[in-house]
Amino acid sequence: MEEEIYRVDVSVIIVNYHTESLVVDCLRSVLEHTDNLTYEVIVADNAPDGGLEAILKRESALGVIPPVRYIGLSENPGFGGANNEAFNVAEGKYCLCLNPDTLLLNNAIRMMYCHMERFADCGACGGNLYHADGRRALSMRRILPGLFWEISESLRLHPERIRYGRSTRFNRSCRPMKAGYISGADLMLRTDLVRRLGGFSSDFFMYFEETDLCARIHRSGYTVTSLPDPKIVHLEGKSFGENEISETKLRYYEQSRVAYYRRNVSEKKARIAHWIYLRSLRRDSRKKGIRGKVATLRLRFAMEALGQSLTSKA
């Protein structure tokens with residue numbers, strides 16, 4: 001097989017859905033902090049009626065953001081589907097899926113690129129994410145969903161902390177470490193590998209798409225690595241344009257969770273994992289306040305998703 005020839009080192013891919021100002025701020029941080037690297041920027045727009053294309057042309061002409069290849073999508077295929085459109089035209093050796101609600105704090109893209117160049121068995125990597133106030137944010141998970149995942153979740157992550165120490169969701173060490181999956185907010189992938197794998201699965205509109213892709217990367221014999229040095233602010237939730245409880249988002253989460261188990265976990269283990277999960281939700285639904293309300297909604301949508309999954313098998 002002939003080796004692919006790439007025009008640039010990295011294709012930075014950003015998916016927009018009514019987050020025009022965030023996209024511009026993100027790209028300003030990319031221009032400010034990215035050095036000693038050739039890269040292109042591809043913006044896949046799931047809401048092309050928002051005027052983002054004109055904004056990007058204006059800001060790029062002013063020199064405050066890098067040049068952008070714009071893809072306006074007539075239908076909204078979700079986060080994964082929009083990234084897949086960009087994968088098809090990417091000219092970088094590596095693709096970086098970067099959320100619009102992120103801000104680079106250092107030369108993070110080059111750091112990820114250098115790791116991928118050094119370790120040929122690394123199929124995906126990502127850096128450390130921070131909230132706007134500097135607190136550590138969910139950047140990765142050392143494990144993939146399954147029995148141990150659900151047991152750990154039901155026990156407030158204590159089993160994971162016993163096994164992995166403090167670096168369960170954020171790399172607190174000074175070295176790269178193996179991860180189950182990397183947050184889709186800053187996920188760097190080998191372009192040839194992600195194309196061979198078919199990109200993100202269309203089974204996911206929102207949530208678990210990066211977890212599923214990382215699971216397939218593992219099965220392909222590659223590693224997934226969390227890096228401590230790339231530092232990126234993640235204004236989590238802003239890319240959805242809201243912070244309050246959203247029944248739509250909770251329903252998508254539960255549907256995607258069931259889809260992940262159906263695709264990646266044996267039926268026997270998945271049944272046990274679902275039982276543990278539902279038991280935990282029932283326990284939390286009895287709590288007062290926002291936590292109990294969210295758990296009650298999750299329980300309802302989880303039962304719906306499981307019922308739909310059983311119906312589709314019949």
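On a predicted model such as this, the values are computed, not experimentally measured, just so you know.
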Chemist: So which heavy atom on Pro145 is nearest to which on Tyr260, and how close?
Modeler: CB-CE2, 3.4 Å

Chemist: Please report the shortest heavy-atom distance between Leu197 and Ser220, naming the atom on each side.
Modeler: CD2-OG, 3.3 Å

Chemist: Can Arg300 and Glu247 be counted as an ion pair, charged N to O under 4.0 angstrom?
Modeler: yes

Chemist: Determine whether the side chains of Arg263 and Ser201 contain a donor N or O and an acceptor N or O closer than 3.5 Å.
Modeler: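 Side chains of Arg263 and Ser201: pair found under 3.5 Å.
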
Chemist: Residues two or more places apart in sequence or in another chain: which of them pass side chain to side chain donor-acceptor pair (under 3.5 Å) with Tyr222?
Modeler: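 Partners of Tyr222 by the side chain to side chain donor-acceptor pair (under 3.5 Å) criterion, ordered by chain and then number, come out as Arg196.
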
Chemist: Would you indicate whether the side-chain heavy atoms of Cys95 and Met188 approach each other to under 4.5 Å?
Modeler: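 No - every pair of side-chain heavy atoms lies 4.5 Å or more apart.
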
Chemist: Is it true that Asp25 and Arg28 have a side-chain N and a carboxylate O under 4.0 angstrom from each other?
Modeler: yes

Chemist: Side chains of Asn171 and Asn128: donor-acceptor distance under 3.5 Å anywhere?
Modeler: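 Side-chain D/A pair, Asn171 to Asn128: absent.
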
Chemist: Would you please test Phe200 and Cys97 for side chain to side chain contact (heavy atoms under 4.5 Å, CB included) and show each step?
Modeler: CA-CA 11 Å; Phe200 291 105; Cys97 301; 4.1 Å; yes

Chemist: Work out which heavy atom in Tyr181 is nearest to a heavy atom in Leu138; give both atom names and the distance.
Modeler: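 Tyr181 and Leu138 have their closest heavy atoms at OH-CD2, 4.0 Å.
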
Chemist: Quick one, Leu37 and Ile109 - any side-chain contact, counting heavy atoms below 4.5 Å?
Modeler: yes

Chemist: Can Glu150 and Arg257 be said to form a salt bridge (charged side-chain N to carboxylate O under 4.0 Å, His left out), step by step?
Modeler: CA-CA 12 Å; Glu150 299 300 347; Arg257 180 188 168 278; 3.2 Å; yes

Chemist: Tell me if a side-chain donor or acceptor on Ser246 pairs with a main-chain N or O of Lys249 at a distance below 3.5 Å.
Modeler: yes

Chemist: Donor-acceptor pair, distance only, cut-off 3.5 Å: does the side chain of His218 make one with the backbone of Gly180?
Modeler: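 Judged by distance alone, yes, a pair lies under 3.5 Å.
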
Chemist: Give a yes or no on whether the backbone of Leu129 and the side-chain of Arg136 come within a donor-acceptor separation of less than 3.5 Å.
Modeler: no

Chemist: Test Val43 against every option in Val15, Ile71, Leu52 by the side-chain contact (heavy atoms from CB on, under 4.5 Å) rule and name the one that passes.
Modeler: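 Of Val15, Ile71, Leu52, side-chain contact (heavy atoms from CB on, under 4.5 Å) with Val43 is met by Leu52 alone.
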
Chemist: Tell me whether the count of non-hydrogen atoms from other residues, nucleotides or ligands lying under 6.0 Å of CZ in Arg161 goes above 12.
Modeler: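 Count over threshold, so yes.
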
Chemist: Compute whether any side-chain donor of one residue and acceptor of the other, for Tyr277 and Glu254, lie under 3.5 angstrom apart.
Modeler: yes

Chemist: Under a 4.5 Å side-chain heavy-atom rule over Ile, Leu, Val, Met, Phe, Trp and Tyr, are Ile65 and Tyr39 clustered together?
Modeler: yes

Chemist: Under 3.5 Å, is there a donor-acceptor pair between the side chain of Ser309 and the main chain of Leu306?
Modeler: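 Checking the backbone N and O of Leu306 against the side chain of Ser309, no donor-acceptor pair under 3.5 Å is found.
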
Chemist: Mind checking who shares a hydrophobic cluster with Leu155, ILVMFWY linked at side-chain heavy-atom distances under 4.5 Å?
Modeler: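 Leu147, Ile151, Ile272, Trp275, Ile276, listed by chain and number.
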
Chemist: Can we call the ring centroids of Tyr253 and Phe208 under 6.0 Å apart?
Modeler: yes

Chemist: Ignoring hydrogens and geometry, is there a side-chain-to-backbone donor-acceptor pair from Ser256 to Met206 under 3.5 Å?
Modeler: yes

Chemist: Any side-chain donor-acceptor pair under 3.5 Å between Ser152 and Glu160?
Modeler: yes

Chemist: Please find the pair of heavy atoms, one from Ser11 and one from Gly92, that lie closest to each other, and give the distance.
Modeler: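 Nearest pair, atom of Ser11 first, then Gly92: OG-N, 2.8 Å.
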
Chemist: Answer whether the closest heavy-atom distance between the side chains of Thr34 and Val10 falls below 4.5 Å.
Modeler: no

Chemist: Is there a donor-acceptor contact under 3.5 Å from the side chain of Ser29 to the main chain of Leu103?
Modeler: no

Chemist: Give a yes or no on this: more than 12 heavy atoms of other residues, nucleotides or ligands lie within 6.0 Å of atom NZ of Lys269.
Modeler: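 Check fails, neighbour count at 12 or below.
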
Chemist: Would you name the heavy atoms of Pro176 and Pro228 that are closest together and state the gap between them?
Modeler: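 In this case the closest contact between Pro176 and Pro228 is N-CD, 3.9 Å.
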
Chemist: Hydrophobic clusters here meaning ILVMFWY residues chained together by side-chain heavy-atom distances under 4.5 Å, can you tell me if Met116 and Leu193 are in one?
Modeler: no

Chemist: If you compare all heavy atoms of Asn46 against all heavy atoms of Phe79, which two are closest, and at what distance to 0.1 Å?
Modeler: ND2-N, 4.5 Å

Chemist: Heavy-atom count check: over 12 atoms from other residues, nucleotides or ligands less than 6.0 Å from Arg279 CZ?
Modeler: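 12 or below, so no.
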
Chemist: Same cluster or not: are Ile232 and Leu27 linked, directly or through other Ile, Leu, Val, Met, Phe, Trp or Tyr residues, by side-chain heavy atoms under 4.5 angstrom apart?
Modeler: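 Shared cluster, yes.
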
Chemist: Given the rule in the ring-ring contact (aromatic ring centres under 6.0 Å, His included) test, do Tyr207 and Tyr252 qualify, once you have shown the distances and angles that lead to the verdict?
Modeler: CA-CA 7 Å; Tyr207 301 116; Tyr252 275 132; 7.7 Å; no

Chemist: In the structure I gave you, are the side-chain heavy atoms of Met177 and Tyr164 within less than 4.5 Å of one another anywhere?
Modeler: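 They are not in side-chain contact.
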
Chemist: Is it true that the side chains of Thr102 and Asn99 contain a donor and an acceptor less than 3.5 Å apart?
Modeler: no

Chemist: Under a 4.0 Å N-O cut-off, is there an ion pair linking Glu267 with Arg262?
Modeler: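 No, Glu267 and Arg262 are not salt-bridged.
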
Chemist: With a 3.5 Å distance limit and no angle check, can you tell me whether Asp186 reaches the backbone of Gly126 through a side-chain donor-acceptor pair?
Modeler: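 Not confirmed, Asp186 side chain does not pair with Gly126 backbone.
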
Chemist: For residues 216-231, which residue pairs qualify under salt bridge (Lys or Arg N to Asp or Glu O under 4.0 Å), counting only residues two or more places apart or in two chains?
Modeler: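 The answer is Asp212-Arg216.
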
Chemist: Going through the distances and angles, do Asp133 and Arg135 end up as a salt bridge (charged side-chain N to carboxylate O under 4.0 Å, His left out)?
Modeler: CA-CA 6 Å; Asp133 60 6; Arg135 290 179 297 117; 2.7 Å; yes

Chemist: Does the side chain to side chain contact (heavy atoms under 4.5 Å, CB included) test come out yes or no for Leu73 and Glu85, once each step is laid out?
Modeler: CA-CA 9 Å; Leu73 301 172; Glu85 293 293 331; 3.8 Å; yes

Chemist: Quick one about Tyr94 and Glu117 (side-chain donor to acceptor, distance below 3.5 Å, no hydrogens or angles considered), yes or no?
Modeler: yes

Chemist: Would Val64 end up clustered with Leu98 when hydrophobic side chains under 4.5 Å apart are linked, directly or stepwise?
Modeler: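 Per the 4.5 Å side-chain linkage, Val64 and Leu98 are co-clustered.
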
Chemist: Begin from the C-alpha positions of Asp284 and Arg156 and carry the test salt bridge (charged side-chain N to carboxylate O under 4.0 Å, His left out) through to its verdict.
Modeler: CA-CA 12 Å; Asp284 291 344; Arg156 306 291 184 247; 3.2 Å; yes

Chemist: Between Ile55 and Val24, does a side chain to side chain contact (heavy atoms under 4.5 Å, CB included) hold up when you go through it step by step?
Modeler: CA-CA 8 Å; Ile55 293 171; Val24 172; 3.7 Å; yes

Chemist: Hey, mind stepping through Val233 and His131 against side chain to side chain contact (heavy atoms under 4.5 Å, CB included) and telling me if it holds?
Modeler: CA-CA 6 Å; Val233 170; His131 294 291; over 6 Å; no

Chemist: Say whether, by atom type as modelled, one donor and one acceptor occur between the side chain of His33 and the main chain of Asn107 under 3.5 angstrom.
Modeler: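 It does not hold such a pair.
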
Chemist: Between Arg190 (side chain only) and Cys122 (backbone N and O only), is there a donor and an acceptor less than 3.5 Å apart?
Modeler: yes

Chemist: State yes or no: do Val8 and Met112 share one hydrophobic cluster built from I, L, V, M, F, W and Y residues joined by side-chain heavy-atom distances below 4.5 Å, directly or via other members?
Modeler: no

Chemist: Salt bridge (charged side-chain N to carboxylate O under 4.0 Å, His left out) between Arg141 and Glu153: does it pass, once the steps are laid out?
Modeler: CA-CA 12 Å; Arg141 194 79 177 259; Glu153 286 280 327; 2.7 Å; yes

Chemist: Please determine whether ring-ring contact (aromatic ring centres under 6.0 Å, His included) holds for the pair Phe170 and Tyr130, giving the CA-CA distance in whole Å, both sets of side-chain angles, and the decisive distance to 0.1 Å.
Modeler: CA-CA 9 Å; Phe170 182 97; Tyr130 297 82; 5.3 Å; yes

Chemist: Is Glu40 salt-bridged to Arg7, cutoff N-O under 4.0 Å?
Modeler: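 Counted as a salt bridge, because a side-chain N and a carboxylate O are separated by less than 4.0 Å.
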
Chemist: Under 3.5 Å, is there a donor-acceptor pair between the Tyr70 and Asp45 side chains?
Modeler: yes

